[in-house]
2 protein chains.
Amino acid sequence: MHYLKFERIPRATISRLAVYVQELEVMEQQGLKVISSEKLAHLCGVNPSQIRKDLAYFGEFGVRGVGYYVHELRGAIRQSLGLDRNWNVVLVGVGNLGRALLRHNMLRKRGFVIVAAFDCDPFKIGEEIAGLEVNCSSKLPESTQEMNVEIGVITTPPERAQRAANYLIEGGIKGIVNFAPARITAPDYVSVEYVDFIHHMFSVAFNITQKQIKGLF
Amino acid sequence: MHYLKFERIPRATISRLAVYVQELEVMEQQGLKVISSEKLAHLCGVNPSQIRKDLAYFGEFGVRGVGYYVHELRGAIRQSLGLDRNWNVVLVGVGNLGRALLRHNMLRKRGFVIVAAFDCDPFKIGEEIAGLEVNCSSKLPESTQEMNVEIGVITTPPERAQRAANYLIEGGIKGIVNFAPARITAPDYVSVEYVDFIHHMFSVAFNITQKQIKGLF
DNA sequence: AGTGCATAGTGAAATTTTTAACAATCACCG
DNA sequence: CGGTGATTGTTAAAAATTTCACTATGCACT
Ligand SMILES: NC(=O)c1ccc[n+]([C@@H]2O[C@H](COP(=O)([O-])OP(=O)(O)OC[C@H]3O[C@@H](n4cnc5c(N)ncnc54)[C@H](O)[C@@H]3O)[C@@H](O)[C@H]2O)c1
Ligand SMILES: NC(=O)c1ccc[n+]([C@@H]2O[C@H](COP(=O)([O-])OP(=O)(O)OC[C@H]3O[C@@H](n4cnc5c(N)ncnc54)[C@H](O)[C@@H]3O)[C@@H](O)[C@H]2O)c1
């Protein structure tokens, strides 16, 4: 019997669950109904035990001898992660990257609804992008409180990231996703995540160098 | 005495080294000459021992009783990661995100030089972005071999990511950074990294949900 | 030169995370 | 309606990673 656990859930587990959801969505589109931990593991590039363990933190979602029902499992994971509802999001910094995010429907499809965008550049304020008017960032704190926004996305230059974060914190935001390559400080009650693709470039460069040293090329 | 180690280096270490470099660059701009592992750790949000351990994989870069010389340490880490040279990069998929990447000088500043961009859309082929002409993706394998390209960046829609990867692999690329939310398969000699910001959105949403359950709000 | 002080480097301990192994259980079949 | 095969959930072992505690060493000051 499975009792609700209050173990701390590894951050790596959360990250993998997101991958599982991704792959489950592909399967669902392909009309696949059932999947075993072994097959899913192979697709996601992990160990099958890992998948069963990750899922065990949240409940029992499979059928022994059969596997997991794709649709059901996707739903279960989404619910476990708190993704079975919409989240109001604001974006700070309407530059190249900010625009790319605003124009894509990827966020909305996953339940993250960008309800406002802010910039400090007077030339950008008033512009309309993807049906959203760019506002002056000084109005941010007020707006987020009014609109019940919980997550802020920072796409300003790195040296402005902390300032953007301060606005968001003042606005009562609970989580920040920072695309600028700069650490920011925030109170404990605010969750901060860093999206830093340069790290991944570094990683690849390092891996290639290593392989070269080891003579694999 | 420090002898060159052939231990496997944790992936997490690489990721942290990238953060250290980031912060060291900020310090250097501020004119700071010396930093202790304790202070750097605080800035990067990690444990001081962790920093010393991470660096120990590559050598001895500090001065006991003093700390690390900022400029020197930055150089040492960059060299350790294989970043003390330029890397030729190609980009596949000139959409919103691809353009944002092409327009930013962030990559070049770090030694990653985008030498060509490819798309399969006839309307985009021939267009010039940031001084680079968009080429037809069918020419990719040939071009990459000619230009001695080692890294490929994928910014196509997810369902096209594997195809893009295949072109890159055919072109003799050694590493791939994939921005599309889709796993890709590649031979062992190709390093693949995934940049998936949706995972970070999930993470933040999950953290907020957890805190709410625990009654922290 | 010697002393004190600060901080890097390092081996061992603690903790966390992953993997392996297996008992439990479900669907299916005769 | 019990046996069979498959695959989960779970416990135990292994591996990896992080943190601690301590030693070594360089610098500044006397
Ligand atoms: N361009 C990319 O492909 C890319 C990819 C990954 C990460 N990043 C990072 O994302 C960030 C943005 O990149 P970009 O290419 O969009 O840069 P950008 O210069 O095009 O855009 C930055 C925007 O932020 C605005 N801004 C500056 N300070 C602000 C403040 N205090 N409040 C509100 N808005 C403010 C600017 O007016 C500008 O519109 C950078 O930190 C960059 O390093 C960029
Ligand atoms: N837009 C964002 O802010 C953002 C952020 C993170 C990740 N992503 C991901 O990055 C990818 C690209 O996003 P986008 O917003 O730029 O999408 P987009 O639709 O604007 O651009 C995709 C481009 O890829 C091209 N393409 C398609 N198939 C191709 C192929 N086989 N070879 C070469 N080019 C091909 C298309 O012609 C198009 O120009 C998507 O997978 C998206 O999920 C986007």
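Note on naming: letters A, B, ... go to the chains in the order of the sequence lines (proteins, then strands), and numbering restarts at 1 for each one.
Between B/Lys109 and B/Glu25 no salt bridge is recorded (no basic side-chain N to carboxylate O distance below 4.0 Å). Salt-bridge formation is not detected for the pair B/Arg52/B/Glu60: no Lys NZ or Arg NE/NH1/NH2 atom is positioned less than 4.0 Å from an Asp or Glu carboxylate oxygen.
We find that NE2 of A/His42 is positioned 15 Å from P of D/dT7, with the value rounded to whole Å. The interatomic distance linking A/Glu72 (CD) with C/dC26 (P) rounds to 14 Å, in whole Å. For the pair B/Glu38 CD and C/dC5 C1', the computed distance is 15 Å after rounding to whole Å. Put simply, CZ on A/Phe61 is 16 Å from P on C/dC26, counting in whole angstrom units. Rounded to an integer number of Å, the gap from OH of B/Tyr57 to P of C/dG11 is 13 Å. With rounding to whole Å, A/Ile51 atom CD1 is found 14 Å from D/dG9 atom C1'. Rounded to whole Å, atom P of C/dT19 lies 5 Å from atom CG of A/Asn47. Spacing between atom CD1 of A/Ile9 and atom P of C/dT18 amounts to 13 Å, rounded to whole angstrom units.
In this structure, the nucleotide among D/dT8, D/dT18, C/dT19 sitting nearest to the side chain of A/Gln50 is C/dT19. Taking only side-chain atoms of A/Pro10, from C-beta outward, the nucleotide of D/dT19, D/dT18, C/dT17 with the closest atom is C/dT17.
A distance of 5.0 Å separates CZ in A/Phe58 from OG in A/Ser80, rounded to the nearest 0.5 Å.
Checking the phosphate oxygens (OP1, OP2) of C/dT18, a side-chain nitrogen or oxygen of A/Arg16 falls inside 4.0 Å. A sub-4.0 Å separation between OP1 or OP2 of C/dA27 and a side-chain N or O of A/Tyr69 is absent. For D/dT17, the OP1/OP2 oxygens have a side-chain nitrogen or oxygen of B/Arg8 closer than 4.0 Å.
Within the 4.0 angstrom heavy-atom criterion, no nucleotide atom of any strand lies near B/Thr13.
Between B/Gly98 and B/Thr155, the shortest heavy-atom contact is CA-OG1, 3.7 Å.
One N or O donor and one acceptor, one from the side chain of A/Ser49 and one from the base of C/dA20, sit under 3.5 Å apart.
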Subject >> Worked verdict on B/Lys53 versus B/Thr13 for side-chain hydrogen bond (donor to acceptor under 3.5 Å, both in side chains) >> reply: CA-CA 9 Å; B/Lys53 194 71 141 187; B/Thr13 290; over 6 Å; no

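Nearer the 5' end of DNA chain C, as judged by each residue's closest nucleotide, is the contact made by B/Lys39, out of B/Lys39 and A/Lys53. Closest-nucleotide positions on DNA chain C for A/Asp54 and B/Arg52 were compared, and the one nearer the 5' end corresponds to B/Arg52.
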